Amino acid sequence: MDYSEQVLAYGDDIVAASKKHPIVPLEKGQRYSYGTAGFRMKADLLEGIAFRVGVLAALRSRSLGGQAIGVMITASHNPAVDNGVKIVDPMGEMLEQEWERYATAFVNAGSDEEVVKIYKTLATDLKINVKDPAKVIFGRDTRPSGHTLVTALKAALVASQSEYVDYKILTTPQLHYLVRATNTEGSPVSYGKVSEVGYYEKLADAFIRAMKGKKFGGTLSVDCANGVGGPKLSEFLKYIPKDKVNGIDVKVVNDDVLRPEILNLDCGADFVKTKQRAPPIPKLVPGLRSCSLDGDADRLMYYWVDPDTSSFAMLDGDRISSLAASFIGDLLESAGLRDELRTGVVQTAYANGASTNYITQHLKLPVICTPTGVKHLHHVAQGFDIGVYFEANGHGTVLFSPYAIAAFKETEPQSPAQKDALATLAALGDLINQTVGDAISDMLLVEVILAHKNWTLRDWAMTYADLPNRLVRVEVGNKDVFRTTDAERRLLHPDGAQEEIDNEVKKFKDARSFARASGTENACRVYAEAATRSEASELADRVALIIQRYGTL
Ligand SMILES: CC(=O)N[C@H]1[C@@H](OP(=O)(O)O)O[C@H](CO)[C@@H](O)[C@@H]1O
Ligand SMILES: [Mg+2]
């Protein structure tokens with residue numbers, strides 16, 4: 001077939017519908033761009049973007065034999081006035097990088113007619129039959145602006161002659177689950193029932209299996225950032241009969257989704273991580289095991305106030321990652337699979353140096369550092385049989401290769417201990433979201449580990465001591481001059497900046513510092529670690545000054 005000759009019968013429909021959902025023009029010289037979090041900004045700029053993303057999602061589905069593509073409408077931990085649109089690929093992964101460029105081109109197209117022109121050009125270049133079937137499934141978080149964006153998205157899917165399913169309100173990881181479940185339905189690698197209920201059933205069943213014979217470690221208080229995680233966690237808990245998990249006691253707090261103005265306000269995982277303290281409401285009771293989800297329930301932070309010392313301890317993504325790696329490593333040992341399955345941990349430069357040391361030296365596992373953004377970590381983690389990846393901010397998961405899953409199920413146990421270890425590993429394979437970081441699933445994982453180890457948060461916090469560190473945001477004239485190498489740990493450009501940073505780092509003990517342009521904000525970030533809090537702070541300030549100077553040259 002000559003793809004350049006094909007007729008796009010619904011081209012006029014796309015143009016007509018597009019006119020009803022216009023793009024807000026940006027100032028001269030500025031462009032919208034599909035970043036780490038898709039398109040994310042003030043919600044009133046997003047209607048036209050949601051429409052064009054819909055057209056692109058239909059084309060993406062056509063390019064992949066009609067497999068379902070996901071679209072999630074959320075702005076995660078951002079304030080309620082923001083929103084965002086993100087595309088999910090067929091196995092539940094983030095959109096392929098090449099298509100991020102196409103998404104950017106669609107959204108920046110100068111007219112409705114040009115959208116159709118790009119659609120046709122891509123169809124020709126990528127040999128996509130525009131008459132092939134397409135399917136797009138979507139969900140949104142609790143933001144009121146989600147309604148308008150869904151209307152625009154649906155209009156795009158109707159105009160592009162794509163089948164669609166509107167799953168209404170979901171957590172981001174639930175949408176990722178549904179995309180994979182849809183595309184594997186009825187196959188030997190079926191990911192689960194294609195419904196929100198299917199998600200709860202799968203997690204509940206796996207959690208009950210993994211907790212067999214263990215006791216839930218006392219009350220757990222879960223701050224849901226007044227976002228979608230609240231109602232979804234409450235719903236999930238209905239699938240755990242009290243007599244199936246000994247002592248289960250989960251208190252859901254900050255779960256008011258009827259007042260959008262309080263979404264992520266002084267609560268949630270991002271608040272805890274950046275402020276390094278507990279949300280003021282509800283007041284944290286000393287000794288209470290607590291955690292926070294973010295606004296779309298894909299990030300997780302644990303914390304508590306030690307009743308003996310009254311000090312606040314936060315257990316972030318690095319801690320969850322090292323906890324999971326240590327537990328899974330022990331299970332593999334008991335299961336006789338430690339040498340059989342390649343296990344590794346993936347982090348970014350923001351991982352605390354103490355966690356990296358603990359994993360490499362104490363757990364004896366390899367650590368790979370990737371650039372910021374979970375898609376990079378996810379990709380590298382796929383290279384292991386068991387790949388543990390987390391960003392320090394609490395977003396991450398553990399990936400199991402098909403070989404690992406088969407080993408858990410097919411190894412013949414020679415002892416009761418080996419049998420238990422294999423059963424727990426198999427349960428973890430179902431409990432841990434294989435598509436993307438999932439705060440609810442990760443929280444259940446942490447609870448399983450603490451129950452198996454019979455640990456409090458104090459025991460967990462004592463595994464190693466974090467190096468004092470500081471993260472600073474620096475506004476500069478032009479962040480694009482900062483180009484990095486070595487997984488963002490060194491600056492390539494502007495000339496001279498890295499040498500100056502190196503000179504400052506040298507003056508401090510056990511110190512490390514790096515600077516990079518943020519992928520989600522119009523600013524640079526400076527990170528510094530050193531032997532003491534005041535030195536880390538001093539170093540961060542000095543490097544920030546260097547960045548400020550080079551950013552305004
Ligand atoms: C230091 C930091 O926390 N950076 C965050 C932030 O990226 P920046 O590129 O640093 O703005 O947002 C990303 C998307 O949510 C997240 O993946 C990442 O970890
Ligand atoms: Mg999030």
Side-chain angles (χ1 to χ4, degrees), residues 301-302 313-372 376-377 380-400 404 421 425 428 432 442 445-446 449-450 452-471 486-490 502 505-506 508-514 527-533 535-536 539:
M301 282 287 145
Y302 266 75
M314 177 180 78
L315 297 130
D316 63 3
D318 301 340
R319 295 280 182 173
I320 299 172
S321 150
S322 49
L323 182 75
S326 139
F327 180 62
I328 293 171
D330 289 349
L331 287 174
L332 290 173
E333 190 75 52
S334 309
L337 293 170
R338 176 111 198 185
D339 297 332
E340 183 83 9
L341 301 176
R342 282 188 56 244
T343 305
V345 177
V346 189
Q347 303 184 317
T348 71
Y350 293 103
N352 194 282
S355 75
T356 315
N357 286 343
Y358 174 80
I359 296 163
T360 52
Q361 287 162 28
H362 185 82
L363 303 181
K364 308 242 179 293
L365 291 172
V367 172
I368 298 181
C369 182
T370 73
T372 305
H376 300 294
L377 290 99
V380 172
Q382 282 176 324
F384 291 100
D385 285 312
I386 299 171
V388 181
Y389 77 83
F390 275 85
E391 288 196 308
N393 63 30
H395 188 156
T397 191
V398 182
L399 299 181
F400 298 97
L425 283 166
L428 294 186
I432 306 175
D442 289 338
L445 167 67
V446 168
I449 302 176
L450 296 179
H452 274 250
K453 290 182 180 273
N454 199 12
W455 269 10
T456 62
L457 293 200
R458 181 191 291 125
D459 300 317
W460 181 10
M462 288 209 341
T463 47
Y464 61 84
D466 272 324
L467 279 170
N469 62 89
R470 184 143 164 260
L471 183 62
D486 189 20
E488 301 180 329
R489 288 172 291 191
R490 297 187 64 77
D502 290 342
V505 171
K506 263 191 242 153
F508 295 84
K509 187 169 176 295
D510 295 336
R512 180 169 79 92
S513 180
F514 66 92
Y527 178 87
E529 252 174 33
T532 65
R533 205 179 235 303
E535 285 169 295
L539 177 57

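Note that the coordinates shown come from a computational prediction; the quantities given were computed from them, not determined experimentally.
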**Message:** Let's go through L428 and L331 carefully: what are the C-alpha distance in whole Å and the side-chain angles of both, what is the deciding distance for side chain to side chain contact (heavy atoms under 4.5 Å, CB included) to 0.1 Å, and is it a yes or a no?
**Reply:** CA-CA 11 Å; L428 294 186; L331 287 174; 3.9 Å; yes
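- Of all the heavy atoms in P371 and A487, the pair that sits closest is N-CB, 4.1 Å.
- For T372, the side-chain contact (heavy atoms from CB on, under 4.5 Å) partners at least two apart in sequence or on another chain are Y350, E391, E488, R516.
- Looking at heavy atoms from C-beta onward, D466 lies in side-chain contact with R319 at the 4.5 angstrom threshold.
- In this structure, NE2 in H362 is found 8.5 Å from OG1 in T463, a value given to the nearest 0.5 Å.
- R512 contributes a side-chain N or O that, together with a main-chain N or O of A349, makes up a donor-acceptor pair within less than 3.5 Å.
- We find the CG-CG distance between N352 and L467 to be 5.0 Å, quoted to the nearest 0.5 Å.
- Rounding to the nearest 0.5 Å gives a distance of 6.5 Å between CD1 of I320 and CE of M301.
- Here CD of Q382 is found 8.0 Å from OH of Y389. Values are rounded to the nearest 0.5 Å.
- In this structure, T456 and D459 have side chains that are in contact, with non-hydrogen atoms separated by less than 4.5 Å.
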**Message:** Run the side chain to side chain contact (heavy atoms under 4.5 Å, CB included) test on D486 and F514 for me, step by step, so that the C-alpha distance in whole Å, both residues' side-chain angles and the decisive distance to 0.1 Å come before the verdict.
**Reply:** CA-CA 11 Å; D486 189 20; F514 66 92; over 6 Å; no
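- If you take OH on Y302 and CG on D316, they are separated by 13.5 Å, rounding to the nearest 0.5 Å.
- Between C369 and R489, the shortest heavy-atom contact is CB-NH1, 3.6 Å.
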**Request:** Kindly indicate, with the supporting measurements, whether the criterion side chain to side chain contact (heavy atoms under 4.5 Å, CB included) is fulfilled by F508 and S513.
**Result:** CA-CA 10 Å; F508 295 84; S513 180; over 6 Å; no
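- Nearest approach of A392 to D318, heavy atoms of both residues: CA-OD1, 3.5 Å.
- Two residues are said to be in side-chain contact when any heavy atoms from C-beta on lie closer than 4.5 Å; L450 and L457 meet this criterion.
- Annotation: side chain of Y358 is in contact with side chain of L363 (closest heavy-atom distance under 4.5 Å).
- The two residues V388 and S321 have their closest heavy-atom pair at CG1-O, 3.7 Å.
- The main-chain N or O of P366 is never found under 3.5 Å from a side-chain atom of T360 such that the two would form a donor-acceptor pair.
- Side chain of D510 to backbone of A531: no donor-acceptor contact under 3.5 angstrom is found.
- Between A381 and L399 the shortest heavy-atom distance is CB-CD1, 4.0 Å.
- Residue-environment remark: CZ (R533) stays at or below the threshold of 12 foreign heavy atoms within 6.0 Å.
- Between the CG atom in L323 and the CH2 atom in W460 there is a gap of 5.5 Å [rounded to 0.5 Å].
- Shown here for A324 and V398, the closest heavy-atom pair between the two residues is CB-CG2, 4.3 Å.
- Of the possible polar contacts, one joining the D385 side chain to the R342 backbone as a donor-acceptor pair under 3.5 Å is found.
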